[in-house]
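For reference, the structure is listed below as structure tokens.
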Protein chains: 2
Amino acid sequence: MARIQSKKNSTKKEIIIEKAARLFREKGFGAASMRDIAETVGVEAASLYNHIQSKSEILQAICFKVANDFIAQLEEVERSNASTLEKMETIIRMHIRMMLEHYEYVYISDHEWRHLPEPYLSNFLNQRRSYRKRLSDVIEEGIHKNEMKNIDPYVAVLTILSAISGIESWHRSRKTTGAETLEENMVKYLIEGLKK
Amino acid sequence: MARIQSKKNSTKKEIIIEKAARLFREKGFGAASMRDIAETVGVEAASLYNHIQSKSEILQAICFKVANDFIAQLEEVERSNASTLEKMETIIRMHIRMMLEHYEYVYISDHEWRHLPEPYLSNFLNQRRSYRKRLSDVIEEGIHKNEMKNIDPYVAVLTILSAISGIESWHRSRKTTGAETLEENMVKYLIEGLKK
DNA sequence: GAACCACCCTAACACTTGTTAGTTTTCATT
DNA sequence: AATGAAAACTAACAAGTGTTAGGGTGGTTC
């Protein structure tokens, strides 16, 4: 019960996933090999299998952790009794912060999910679809309550989530624009386009 | 000079690139093998090398074709004497239509460029950076001329391009929303958020 | 001190990868 | 019918893939 632990109070499995996430993001799931992962962990490839069952288990862990995180936070917003515009702003900020603070994980969940094996793939896509539906319900309500301009809710959700997912390219850049400027301006842009 | 041609007035090389594009988009560059490509072309893998030099040459052809297309169209807009807002709307529509009509190519150029070998990779990224800079110059001018609201130009460009790139997920969906609705609503959203 | 267990190692597996060599087929032009 | 080039084929290569088997090592617990 002691040896399995490391410096950071995390199990070796968690360490493996963390290191793998970095590589999956940098090179893509397919191009990052188990031997690559093993090297950054400081161990032989075969040894990884004492802690994980397969390469794709790592991907599953990452994708579903992110998905669950988003769903949990969305539920919190849904339960609140803020206006629909406030709700959307909260959600947008939540997404931006997730992208800023958990870049690797969110990026992988956004871009590498197609490598999930069935039935996880279908599962993931269903969760995703239902998540977006719930977001567009908020917008639809906002339109009915005359708090938002009349815009196709599906397109609005698509626009918002895609825009935020593009923060990925900021992360890869030289970051002459600060994180705070990024957040405030993107929120401004996306909320302004929604307002009546 | 005749045998190399096929039904569609295109060389075999172009056919290979087209078929490969489909596979690169579906499975990713790394996961699509030369044997996969050969099969859809209806030939053995080794025979592909009578027409192309390497797998990555296909990727280069796709990425730079798209990049050059975008640059050419941007230059046309820059030369016009429309207002900055009109310019931005034209550019946004151009991007949306490219995404709608040349989905496979644009998607690959957006998502698989990291597999380009040097020096093509650096080249590609430089073109991309300079393209975005020119877009943000238009927005900056719009702000100075008081035609646009005061928003960080870098963030605005990031938001616009990322949003449009998300049309990819519409393409993969059941398309309950039509292409026209998609275009009009996204333009509305993105332009409205820019207007003073 | 013996047994146990978690963990690492080396070696190997079956398979897939992009690509090359060498040969044969196809077909328009002479 | 013969020529010559383009383009297809088979076979093989070296390297890399995820994963398993089996054995060794060092620390914890009886």
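Throughout, protein chains are lettered first and strands after them, A, B, ... in sequence-line order, and every chain is numbered starting at 1.
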How many angstroms lie between OH in A:Y131 and CD1 in A:I91, if you round to the nearest 0.5 Å? 6.0 Å

Quickly work out the B:N50 CG to C:dG22 P distance and round it to whole Å. 15 Å

Just how far, in rounded Å, is C1' of C:dT16 from NZ of B:K27? 12 Å

In whole Å, I'd like the distance from the CD atom of A:E57 to the P atom of D:dT19. 10 Å

A:Q53 vs B:A46, nearer the 5' end of DNA chain D by closest nucleotide: B:A46

Any chance CD of B:E78 has more than 12 other-residue heavy atoms, nucleotides or ligands included, within less than 6.0 Å? yes

Roughly how many Å is it from OH in A:Y49 to P in C:dT10, rounded to a whole number? 17 Å

Residue-phosphate contact under 4.0 Å: A:K12 side-chain N/O, C:dA6 OP1/OP2: no

Take atom CG of B:L48 and atom C1' of D:dA6, then tell me their distance rounded to the nearest Å. 15 Å

Which whole-number value in Å describes the distance from A:I52 CD1 to D:dT20 P? 10 Å

OP1 or OP2 of D:dA6 versus the side-chain N and O atoms of B:H51: is any pair under 4.0 Å? no

Using whole Å, what does the distance between atom C1' of nucleotide C:dT19 and atom CD1 of B:I58 come to? 13 Å

Just verifying a value: how many Å separate B:H171 NE2 and B:L182 CG, rounded to the nearest 0.5 Å? 9.0 Å

Around A:Q53, counting heavy atoms of other residues, nucleotides and ligands shown, do more than 12 lie under 6.0 Å from its CD? no

Taking atom C1' of C:dC8 as reference, at what distance in whole Å does atom CD1 of A:I16 sit? 12 Å

CD (B:E76) with more than 12 external heavy atoms under 6.0 Å: no

Per atom distances to the A:V43 side chain, the nearest of D:dT19, C:dC9, C:dT19 is C:dC9

Given C:dA11, C:dT19, D:dC9, identify the nucleotide with an atom nearest to the side chain of B:A45. C:dT19

Just wondering, more than 12 heavy atoms not from A:E75 lying within 6.0 Å of its CD? yes

Would you say A:S47 reaches C:dC9's phosphate, i.e. side-chain N/O to OP1/OP2 under 4.0 Å? yes

Atom pairs, N/O to N/O, protein against nucleotides 15-17 of chain D, distance under 3.5 Å?
none

A:K195/B:E192 ion pair, N-O < 4.0 Å: no

